[in-house]
Structure formats: C-alpha cells, structure tokens
Amino acid sequence: KSIESPLRSTPLLCADVINTIIDCFDDDLDEGSRDRRSMLVNCSLVSRAWTHRSQKYLLRRIEMHSQVRLEGFVAVMPVLSERVRRLIRFLHIRIPYEDESNYPEPYNLTLGNMADLLEALPCLDDLNLHGIQLNTAYGAPGRSDFRRPLKSLHFQDVRSSSITYPPLKEIATFVTLFPTIDSLTLYFSHIRDSRGPNIADDISSICQDLHGPSSTCIQDVYIYGESS
C-alpha cells in the first residue's frame with residue numbers, strides 16, 4: 001500500500017469546525033503562552049484553510065526585542081500580502097539597554113520610518129515603543145501629511161538625540177501622527193511620579209503649538225515614573 005502525504009490523508013473538515021478548533025488555542029495567547037503558540041504553529045502547517053485561521057492569532061501580536069529583528073521586520077514588509085499585514089494589531093518594539101551609564105547605541109526611529117510602518121499596517125491598534133531613540137526628521141519628502149487613528153500608544157524610556165530627558169517635544173511630534181488616541185501611556189525610569197501632571201500639560205501644549213489645538217484628540221493619559 002502506498003503511503004499518502006499527510007495533507008491528502010487528512011479528513012476534510014468544514015470551515016466552521018476548523019475555526020472552532022483553532023479558536024480554542026486563543027484564550028491566553030496574548031499572555032505569552034508558548035504551548036498555545038506552538039500548537040497554533042502546528043495548526044498552520046496542516047493546510048491552507050488551517051493556515052489562514054491560525055495566522056489570525058499568530059500575527060495579531062508582534063514583539064521585537066532586538067534591532068536585528070526590527071530591521072528584518074521592516075525589510076520584509078513590502079513583500080507581505082495586504083491580508084497578512086492587516087492581521088497585525090499589536091506592535092511592541094523594545095530595544096533593551098542596561099542602564100544610564102551603560103547605554104548602547106539606540107535604535108534611531110525617524111518620523112518618516114514610523115509613518116511608513118503605520119501605513120503598511122492599516123489595522124494596527126496598539127503601538128508600544130520601548131528604549132528607542134525618537135528622531136523627528138521625516139527622512140522622505142511628501143510624508144508630513146500622513147495621519148491615522150490609534151487605540152493605544154505607549155512610550156517607555158524613549159530617548160532623543162539631545163540630552164533633554166524626558167524628550168517631550170519628540171514624543172509630542174510622534175503623537176501628532178494620530179488624529180485620535182484612546183489611551184496614551186508614558187513611563188520614565190528617572191522622573192518622579194509627582195511630575196506626571198506637568199508632563200501631560202507640557203505634551204498637550206507642545207502638540208497644540210505644532211499643529212493647532214485640535215490636532216490630536218487623546219481620551220486618556222497615563223504617566224508613570226520612578227525616582228532617579
């Protein structure tokens with residue numbers, strides 16, 4: 001008896017049954033469950049029908065913790081299909097560093113790079129930027145009018161090329177990429193919590209100076225800090 005390929009020997013299931021099976025692995029995927037993610041990867045290898053449903057959860061949350069991975073992600077973006085790019089809802093870019101005295105060369109994220117990335121991910125809801133250097137240069141002409149809504153924007157220990165910390169003007173400039181933000185969170189390791197209200201007022205004032213009082217509508221602002 002000839003040996004059939006796994007794909008051909010797999011019983012055919014209706015789409016509703018396939019979706020129900022795969023959806024069972026999504027309960028706590030956002031909590032970083034490796035077992036559930038591994039099972040989803042296996043499901044995605046069964047057939048094309050299983051692949052599409054599995055990718056809905058596998059690609060929903062993208063986290064990058066090194067400059068190499070981030071650069072690789074940006075490099076493949078132009079060749080990804082629109083279907084795949086629309087699946088990405090949460091993007092966490094974290095370039096780690098040790099401390100103030102042992103700070104490696106930070107990843108330099110320009111406003112133009114950010115606009116390109118946001119344009120490539122039309123369904124992105126949540127953006128988390130951690131430990132990167134914000135550069136307000138667009139780097140590409142004709143992109144200064146790009147804007148899109150966002151549900152959640154999180155800055156954690158971001159830097160700028162200047163010695164100013166926290167880099168409020170750079171943060172405010174990035175904020176103006178979005179006409180609406182449901183939740184803006186700022187976290188700085190070297191400020192006191194008591195400065196929170198002042199920072200919120202400063203960013204609001206800078207945003208107004210940059211693009212007028214109605215440039216960005218922010219529903220909630222959360223600011224956290226630790227004593228240096």
Side-chain angles (χ1 to χ4, degrees), residues 29-30 32 34 37-38 40-41 44 51 54-148 150-167 169-178 181 184-189:
L29 190 62
D30 286 344
R34 292 186 177 182
R37 182 170 292 277
S38 178
L40 276 172
V41 171
S44 70
T51 297
S54 300
Q55 285 179 338
K56 174 183 177 182
Y57 302 117
L58 286 170
L59 298 178
R60 180 173 60 189
R61 183 184 185 96
I62 302 294
E63 299 186 23
M64 286 162 289
H65 299 278
S66 73
Q67 185 167 330
V68 172
R69 289 187 177 183
L70 176 56
E71 291 174 347
F73 178 73
V74 173
V76 302
M77 194 63 61
V79 300
L80 292 179
S81 67
E82 182 179 357
R83 182 189 70 81
V84 169
R85 288 186 283 107
R86 294 181 71 88
L87 294 176
I88 301 174
R89 299 300 182 92
F90 176 95
L91 180 62
H92 184 176
I93 301 175
R94 179 179 185 270
I95 309 299
Y97 57 91
E98 296 298 328
D99 53 48
E100 191 80 12
S101 61
N102 186 24
Y103 189 68
E105 187 68 25
Y107 180 78
N108 187 46
L109 181 67
T110 70
L111 208 58
N113 295 148
M114 191 76 261
D116 289 338
L117 194 60
L118 292 169
E119 188 174 41
L121 304 175
C123 294
L124 186 70
D125 291 328
D126 192 317
L127 177 62
N128 189 319
L129 303 177
H130 182 181
I132 65 173
Q133 178 171 291
L134 302 180
N135 186 330
T136 56
Y138 264 91
R143 298 307 310 277
S144 58
D145 60 344
F146 176 81
R147 303 184 79 207
R148 54 153 295 180
L150 195 69
K151 287 186 178 180
S152 177
L153 178 60
H154 184 110
F155 292 98
Q156 181 169 348
D157 285 331
V158 291
R159 304 298 171 109
S160 70
S161 57
S162 69
I163 62 173
T164 303
Y165 183 85
K169 184 175 182 179
E170 288 78 4
I171 290 174
T173 304
F174 270 71
V175 165
T176 56
L177 281 174
F178 312 99
I181 300 175
L184 173 64
T185 303
L186 308 174
Y187 180 90
F188 304 107
S189 296

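Summarising the geometry, atom CD1 belonging to I132 is positioned 10.5 Å from atom CD belonging to Q67; distances are rounded to the nearest 0.5 Å. Separation of atoms CZ (R85) and CE (M77) is listed at 7.5 Å; rounding is to 0.5 Å. Note that CG of L109 and CG of L70 are 7.5 Å apart. Values are rounded to the nearest 0.5 Å. Here the CZ atom belonging to F155 is positioned 6.0 Å from the CG atom belonging to L134, to the nearest 0.5 angstrom. Residue L80 holds its CG atom at 10.5 Å from CG of L87, rounded to the nearest 0.5 Å. Here CD of E71 is found 11.0 Å from CE of M64. Values are rounded to the nearest 0.5 Å.
A heavy-atom distance below 4.5 Å is found between the side chains of L117 and L91. Side-chain contact between L127 and M114 is present, with at least one heavy-atom pair separated by less than 4.5 Å. Residues F73 and I88 meet the side-chain proximity criterion, which asks for heavy atoms closer than 4.5 Å. Side-chain contact between P167 and R159 is absent, with no heavy atoms from C-beta onward closer than 4.5 Å. A 4.5 Å side-chain heavy-atom check between R148 and L124 finds at least one atom pair inside the cut-off.
The side chain to side chain contact (heavy atoms under 4.5 Å, CB included) test applied to N128 returns F90, H92, H130, H154, not counting sequence neighbours.
Just one of D157, V158, I171 meets the side chain to side chain contact (heavy atoms under 4.5 Å, CB included) condition when paired with L186; it is I171.
When all heavy atoms of S66 and I95 are compared, the pair lying nearest together is C-CD1, 3.7 Å.
Remark: the backbone N or O of T51 is not paired with any side-chain donor or acceptor of S44 at under 3.5 angstrom.
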